[in-house]
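This report concerns only the one structure given below.
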Amino acid sequence: MKRGIPVAWHGLNRMVTGWLVLLIVTFASVSINASPINSEQSPSLLVMGDSLSAAYGIEREEGWVSLLAERLEGEVNVINASISGETTSGGLQRFSDILGQQQPDIVLLELGGNDGLRGLAPNQMQANLAGMIEQSQEAGAQVLLLGIDIPPNYSQAYRDAFTGVFHSLAEEYDISLVPFLLEDIALNDALMQSDGIHPTADAQPIILDNVWPELEPLIEPLVEGQLETTHQAAAQ
């Protein structure tokens, strides 16, 4: 949580038009997918995100969330409730029902990009994310916050306020943070789709590698606890 978000989109003004439609004109549909395991016996992980987590423009199984489920090899039930076009306000409106239905052990929040691209007030984005964090913690779930940056055509003051939201929330609620989800991707044309907005299939393993160092410490105790429970049950 100590790393700062890099000034990542420098030199990408040619992508501004595309950025303005990031997640906004994409498919407004949700698909909640889980790995094929018994969720009653296994820990579960919920991803609340936008098109960056909804595998926009690529096959769903190529997306980083699906790759995460593969990496976990059935030890954790991965639920993807991401919607292309989602804002923090929309996420907050949906969150309570999804949280109650899925009862996850870990919640990954990957929202905010659309708020920034629409120029919405960072303090409102912060309040919306805080609401989801608080609900998660009240339900006993750990939270991992996935940060994002916005293009350089926005004023530096707005960008600083926007990216600062993620750090502020991580500190206030003592949660883990990935400062910039698209680290080592956003400036590489070969890893971005033709719209200059969404990562390609080749970029998805890198996204997962960006998330994993902060996520693995949250997962390990759950998996170890599940194994211990299984062994105790077998011994009875």
Side-chain angles (χ1 to χ4, degrees), residues 1 3-9 12 15-30 46-54 56 80-100 102 104 106-139 141-183 186 197-198 211 214:
M1 291 189 288
R3 293 180 296 158
I5 296 179
V7 182
W9 304 99
L12 296 185
M15 294 165 51
V16 166
T17 300
W19 265 103
L20 292 177
V21 296
L22 172 62
L23 321 177
I24 295 174
V25 297
T26 51
F27 304 121
S29 61
V30 62
L46 171 67
V47 181
M48 284 290 293
D50 46 41
S51 67
L52 298 180
S53 298
Y56 175 80
N80 192 359
S82 302
I83 296 181
S84 293
E86 189 68 288
T87 61
T88 59
S89 177
L92 180 60
Q93 291 175 19
R94 296 191 299 125
F95 191 67
S96 179
D97 287 343
I98 294 175
L99 187 67
Q102 303 297 333
I106 301 173
V107 174
L108 272 62
L109 290 179
E110 184 273 298
L111 289 169
N114 282 313
D115 297 63
L117 294 170
R118 294 180 181 184
L120 301 181
N123 62 347
Q124 186 58 58
M125 179 180 85
Q126 182 163 345
N128 293 335
L129 289 170
M132 287 182 274
I133 293 169
E134 289 174 4
Q135 289 183 53
S136 299
Q137 292 182 332
E138 289 170 2
Q142 299 183 82
V143 179
L144 173 57
L145 191 59
L146 308 181
I148 193 67
D149 201 352
I150 52 177
N153 64 302
Y154 291 78
S155 73
Q156 191 60 47
Y158 182 80
R159 290 182 71 197
D160 289 344
F162 175 84
T163 55
V165 165
F166 300 104
H167 291 275
S168 177
L169 289 169
E171 182 176 355
E172 178 179 358
Y173 291 98
D174 192 24
I175 59 177
S176 300
L177 170 67
V178 175
F180 186 44
L181 186 65
L182 300 185
E183 184 74 48
I197 298 167
H198 299 93
V211 173
E214 298 295 338

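Counting from 1, the numbers follow the sequence of the chain as shown.
- Residues Q137 and I175 meet the side-chain proximity criterion, which asks for heavy atoms closer than 4.5 Å.
- The distance from the CG atom of L111 to the CD1 atom of I83 is 9.5 Å, given to the nearest 0.5 Å.
- The two residues I148 and T163 make their nearest non-hydrogen contact at O-CG2, 3.9 Å.
- A heavy-atom distance below 4.5 Å is not found between the side chains of L120 and M125.
- In plain terms, the two heavy atoms of A54 and N80 that are nearest each other are CA-ND2, 4.5 Å.
- Ring pair F166/F162 is perpendicular by interplanar angle, where above 60° counts as perpendicular and below 30° as parallel.
- No side-chain heavy atom of P104 sits under 4.5 Å from any side-chain heavy atom of I98.
- Inter-residue side-chain proximity for Y173 and L145 is flagged as unmet; no heavy-atom pair is nearer than 4.5 Å.
- Closest heavy-atom contact between L46 and A81: CD1-CB, 3.8 Å.
- For the pair E110/V211, no side-chain contact is recorded, criterion being any heavy-atom separation below 4.5 Å from C-beta on.
- Remark: the backbone N or O of D50 is not paired with any side-chain donor or acceptor of Y56 at under 3.5 angstrom.
- Remark: the backbone N or O of D149 is not paired with any side-chain donor or acceptor of R159 at under 3.5 angstrom.
- Between the side chain of N128 and the backbone N or O of G91, no donor-acceptor pair lies under 3.5 Å.
- In this structure, the side chain of S82 engages the main chain of G49 through a donor-acceptor pair within 3.5 Å.
- D115 places a side-chain N or O within 3.5 Å of a backbone atom of T88 that can act as its donor or acceptor partner.
- Taking both residues in full, the closest heavy atoms of L109 and L129 are given as CD1-O, 4.2 Å, listed atom of the first, atom of the second, then distance.
- When all heavy atoms are compared, the tightest approach of Y154 to G116 is CE2-O, 3.3 Å.
- Here the side chain of R118 pairs no donor or acceptor atom with the backbone of T87 at under 3.5 angstrom.
- The nearest pair of heavy atoms linking S136 to V107 is OG-CG2, 3.6 Å.
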